[in-house]
Chemist: 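Have a look at this one.
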Amino acid sequence: MTAFGFIGTGHLGSMLVKKFVETGAIEAEEILASNRTQEKVQRLAKATGIRPASSRVVAELSDVIFICVRPLEVRDVLSELAYLLDFQKLVVSVAADVSLENMGALCPARLARAFPSMASEKLQGATLLAFGDNATREDRGLIVGLFQAIGKAEVVEEKDFGTLADLTSCAPGYFAALMREFVLAAERREISAELAERLVKQTLLGTAMLLEEESFAGLIKSVATKGGITEAGVKVIEREAPGMFDQLFQTTQARHEQVMKNIEGQR
Ligand SMILES: NC(=O)c1ccc[n+]([C@@H]2O[C@H](COP(=O)([O-])OP(=O)(O)OC[C@H]3O[C@@H](n4cnc5c(N)ncnc54)[C@H](OP(=O)(O)O)[C@@H]3O)[C@@H](O)[C@H]2O)c1
């Protein structure tokens, strides 16, 4: 039986534990978890049946250890537990901007990075995965399988994590921000914001379902008849949006570079 450990049960760590247990991807009794603030992990244990423990015990008794702390906290966690994280262990970090190379300099374990999305709360998130050279074929199969259970898993080039994370992990926030602007524009046209939000949300859900079988271009084609109203609206988006999205990527890329610099500065 594989033993799984989670260090850090904040927003992401607790979501992963809950969803892996709920979907049966991992049995509750196979999971040990620790958190800096005890109450948080105790609450999670009560809700899911997993076992709370210290990080040392998690590292000692688990075969696969998920590191779910913030990027600038990874160094402390890995260097403190390095003596337990040998080649027998698989360490999977979910932290943004902490590279496999950064992790490899801190502990000799087999390594992987996962970048999940909170959309996995609804079993629909896309998780980005990258593996260290020392990860085995079994490691890859195991981790891909776990994240497939709570959405879709994509093994990608580690160098693309930053840009791709905008499309997956950050995107629920971006979509919500865009739709809020849509609602606010309707409100400026004297439509109640509450009614507009309700209608947009329902339409968004239906659109997501249509997109299960349709490309974006295909859906635009079927909704925007030639010379019609929707086509005129789509043209406005095609004119205005490229600059906004280019700026978004530039801004988030600069933030990633700053965080990576801060991580390098911890050496
Ligand atoms: N949230 C997302 O949508 C998302 C998506 C993809 C990746 N991520 C990555 O996931 C990581 C966690 O993000 P989050 O949103 O879950 O942050 P969070 O809610 O702040 O969770 C971090 C948790 O780590 C705990 N922690 C910190 N240092 C610790 C230590 N030394 N030992 C044990 N536990 C420790 C914190 O404990 P306390 O209770 O004491 O604060 C906190 O509960 C980040 O690296 C982020 O890049 C997040």
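Ligands are counted one by one from 1 in listed order, and the atoms in each one are counted from 1 as well.
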Chemist: Under the ring-ring contact (aromatic ring centres under 6.0 Å, His included) rule, collect the residues that match up with F115, sequence neighbours excluded.
Modeler: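 Once residues adjacent in sequence are excluded, F115 has no partner under the ring-ring contact (aromatic ring centres under 6.0 Å, His included) criterion.
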
Chemist: So which residues, sorted by chain and number, lie with a heavy atom under 4.0 Å of ligand 1?
Modeler: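 Heavy-atom contacts below 4.0 Å: I7, G8, T9, G10, H11, L12, N35, R36, T37, K40, S55, C68, V69, R70, P71, E73, V77, V94, A95, A96, F115, P116, M118, S169.
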
Chemist: Is there a chain of hydrophobic side chains (I, L, V, M, F, W, Y, each step under 4.5 Å between heavy atoms) that links Y83 to I65?
Modeler: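 Same hydrophobic cluster.
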
Chemist: Could you name each residue pair satisfying ring-ring contact (aromatic ring centres under 6.0 Å, His included) that touches residues 133-192, not counting sequence neighbours?
Modeler: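 Every pair satisfying ring-ring contact (aromatic ring centres under 6.0 Å, His included) with a residue in residues 133-192: F20-F147.
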
Chemist: Show your reasoning for whether salt bridge (Lys or Arg N to Asp or Glu O under 4.0 Å) applies to K235 and E238.
Modeler: CA-CA 5 Å; K235 281 188 176 150; E238 288 171 346; over 6 Å; no

Chemist: Looking at H256, K261, Q258, R255, which one forms a side chain to side chain donor-acceptor pair (under 3.5 Å) with D97?
Modeler: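 It is H256, the one option of H256, K261, Q258, R255 that forms the side chain to side chain donor-acceptor pair (under 3.5 Å) with D97.
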
Chemist: Who pairs with V64 by side chain to side chain contact (heavy atoms under 4.5 Å, CB included), at least two apart in sequence or on another chain?
Modeler: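 Counting only residues at least two positions away or on another chain, V64 forms a side chain to side chain contact (heavy atoms under 4.5 Å, CB included) with T2, F4, F66, L90, V92, L142, I143.
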
